[in-house]
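Below: the structure, in structure tokens.
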Amino acid sequence: MSEFDYDLFVIGGGSGGVRAARVAAATGAKVALAEYNRMGGTCVIRGCVPKKLMVFASSYREGFSDARAYGWDVKDGEFHWDVFRDHLNTELDRLEQVYRNLLDGSGVEVFDSRAVLKDAHNVQFANGVTKSAKHILVATGGHPVKPDMPNAHLGIVSDDIFNLPELPRSLLIVGGGYIACEFACIMAGLGVKVTQFYRGAQILRGFDDEARGLIAEMMREQGIELHTGTNIVEMKPADAQNPEDAVPTQSDAAMGADVKQMQALNTDVKGAGEGPIWVKSTNGREGVFDYVLFATGRSPNTTDMGLEEIGVEIGRRGEVVVDAYSQTAVPSVYAIGDVTNRVNLTPVAIREGMAFVETVFKGNPTPVDHDLIPSAIFTQPEYGTIGMTEEDAREQEEIEVYCTSFRPMQTAFAGKPGRVLMKLVVSKANRKILGCHIVAPNAGEMIQLAGIAVKMGATKEDFDRTVAVHPTMSEEIVTMRDPIRTA
Ligand code: NDP
């Protein structure tokens, strides 16, 4: 008989926590999991899954005009946000139940409660009840953060997007990362007038320059008003703004705002999403937007968890500090996923959970492999990437760059200006592919497969030896013969 209630207590029912709990239970361990919000976590409930469904929803607009070019007699349809949102919620309910069933079926005991750490082996629920466990796994994820500025509470965050009461007519997105760019494309596709402010010189900092440039160009082509080098200096409810100051100016019109109309609608502005918002930007422009979405980063959920009190080290960005085996400074406490702020992606959290179980419950110490992780940004077109950017690679060693950009057959036929990009960054010394970058429709699907080759250490010559699949966009990745530059 164990001295503990459980062998493993998992705090957090997101992708990482649920997988770790199930796999640990499959080893015969007695496992419990606490989740105070909806089962499935950020990815399933307010992240990747609903976001991707919104990507699908938003892509039909282009489809109507493409279909006409291909001879179909179709009219532009009208998008009904309430129909989509209700269907989305039904689907998320179903998925949440799937997660619960998986835990039930694995014999994991579930507590629908917030849980915090009392000491190295005890967790406490909101009702004061405590449970003991030999190992505790913190998998509490992260949350979106708003900038520290007056009236930031008027803005919404990505969590709020999926339950908007109505589709905004105008939306200002602040930020230039994954979430900002994905939602800019989604909302523009759904017919929303989208303005995006990014404080830096080019969106998607840290990604390959050529890819970022093309995505920015395609986003502008889509009608998104992307302002780089721009941030909010002031924001307030539109009705709090002096009406005389708020009469539309040329710059308001350029930002897509109809100030008078917004003010007429505006009666009782209190909080996020409760009325139009007047915004002044660093470039001196003023405008009014139905909503302001802050996509300005995420923070680990470590506040008031009892972590520091029991000796778990918390890093500068609020993350749980762990070693290569996801172990914290307290030997019985481990942490995985976004709460550790390593690589904040669902499949990585799942890997970290599996490596934790391998290490702790299967006696096979397994460090997490964070090298060469393929990922995709679901802009339109998508960006699939693995490995180094050209800019990072050229700092490291001598490289050759193979790159092509062209109008794909399907949309060129429909008279669309869209271009795609295929790029390989190759080591001159050993010919290995250091980085692969694809900006194209379905680039997420493409990079998953190209990623296998790159992870295996494929060389440029391995790509060259592979016969093209014709006619496809991705065949270009194996037919680029000459480098466009060396560095
Ligand atoms: P990111 O950290 O990627 O981007 C945050 C953006 O906000 C940056 O452009 C940043 O600018 C800007 N920013 C930060 N603070 C301020 C401020 N005070 N004022 C103005 N701008 C500001 O965060 P996201 O929220 O987009 O995404 C969080 C994480 O979620 C990602 O890192 C990713 O791991 C994950 N994710 C993955 C997706 C996928 O795989 N497809 C999709 C969505 C999210 P600057 O560049 O100057 O710092």
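One-based numbering, in listed order, for ligands and for the atoms of each.
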Subject >> Residue and atom name of the nearest protein heavy atom (relative to atom 37 (C) of ligand 1), distance in Å to one decimal >> reply: Tyr178 CD2, 3.3 Å
Subject >> Option nearest atom 18 (N) of ligand 1 (shortest heavy-atom distance, choices Ala180, Pro147, Ser375) >> reply: Pro147
**OP:** Check each heavy atom of Tyr198 against ligand 1 and say whether those closer than 4.0 Å belong to the side chain, the backbone, both or neither.
**Re:** side chain
Original post:
Can you find a side-chain donor-acceptor pair between Lys416 and Ser65 that sits under 3.5 Å?
Top reply: yes
**OP:** Specify the protein heavy atom at minimum distance from atom 26 (O) of ligand 1: its residue, its atom name, and the distance to 0.1 Å.
**Re:** Ile179 N, 2.9 Å
Original post:
Taking NZ, NE, NH1 and NH2 as the nitrogens, is one of them in Arg85 or Asp82 under 4.0 Å from a carboxylate oxygen of the other?
Top reply: no
**OP:** Can you pull out the closest protein heavy atom to atom 30 (O) of ligand 1? Residue, atom name and distance to 0.1 Å, please.
**Re:** Arg298 CD, 4.0 Å
Original post:
Of all the non-hydrogen atoms in the protein, which one sits nearest to atom 6 (C) of ligand 1, and at what distance?
Top reply: Ala295 O, 3.5 Å
Original post:
Going by distance alone, is a donor N or O of one side chain under 3.5 Å from an acceptor N or O of the other, for Asn101 and Gln97?
Top reply: yes
Subject >> Taking atom 48 (O) of ligand 1 as the reference point, the nearest protein heavy atom with its distance >> reply: Arg205 NH2, 2.7 Å
**OP:** Decide whether Gln380 and Ser58 meet the rule of one side-chain donor and one side-chain acceptor closer than 3.5 Å.
**Re:** yes
Original post:
Counting only heavy atoms, which portion of Lys51 has something under 4.0 Å from ligand 1: side chain, backbone, both, or neither?
Top reply: side chain
Subject >> Any Arg46 side-chain heavy atom under 4.5 Å of Lys51 side chain >> reply: no
Subject >> Polar atom proximity, Gly176 to ligand 1 (N or O, under 3.5 Å) >> reply: yes
Subject >> 4.5 Å side-chain heavy-atom contact, Cys436 and Ile447 >> reply: yes
Original post:
Polar-atom distance check: Ala376 versus ligand 1, any N or O pair below 3.5 Å?
Top reply: yes
**OP:** Any chance you could measure Asp208, atom CG, to His437, atom NE2, to the nearest 0.5 Å?
**Re:** 4.0 Å
**OP:** Compare Val174, Val348, Asn344 and give the one whose heavy atom is closest to atom 34 (O) of ligand 1.
**Re:** Asn344
Original post:
Considering Thr379, Asn231, Asp338, which one's heavy-atom position lies nearest to atom 20 (C) of ligand 1?
Top reply: Asn231
Original post:
Considering only protein heavy atoms, which is closest to atom 23 (O) of ligand 1, and at what distance to one decimal place?
Top reply: Gly297 CA, 3.5 Å
**OP:** Tell me yes or no: between the side chains of His370 and Glu352, is some donor less than 3.5 Å from an acceptor?
**Re:** yes
Original post:
So which protein heavy atom does atom 17 (C) of ligand 1 come closest to, and at what separation?
Top reply: Arg199 NH1, 3.5 Å
Subject >> Heavy-atom nearest neighbour in the protein, as seen from atom 14 (C) of ligand 1, with distance rounded to 0.1 Å >> reply: Thr296 O, 3.3 Å
**OP:** Answer yes or no: is there an ion pair linking Asp93 with Arg38, defined by an N-O contact shorter than 4.0 Å?
**Re:** yes
Subject >> ligand 1 contact on Leu345 by region, counting heavy-atom pairs under 4.0 Å >> reply: side chain
**OP:** Indicate, as side chain, backbone, both or neither, the part of Asp148 found under 4.0 angstrom from ligand 1 when only non-hydrogen atoms are considered.
**Re:** neither
Original post:
Between Gly200 and Thr228, which heavy-atom pair has the shortest distance, and what is it?
Top reply: O-CB, 3.4 Å
**OP:** Taking the side chain as every heavy atom from C-beta outward, state whether His143 and Val157 have any atom pair closer than 4.5 Å.
**Re:** no
Subject >> Backbone or side-chain N or O of Gly177 under 3.5 Å from ligand 1 N or O >> reply: yes
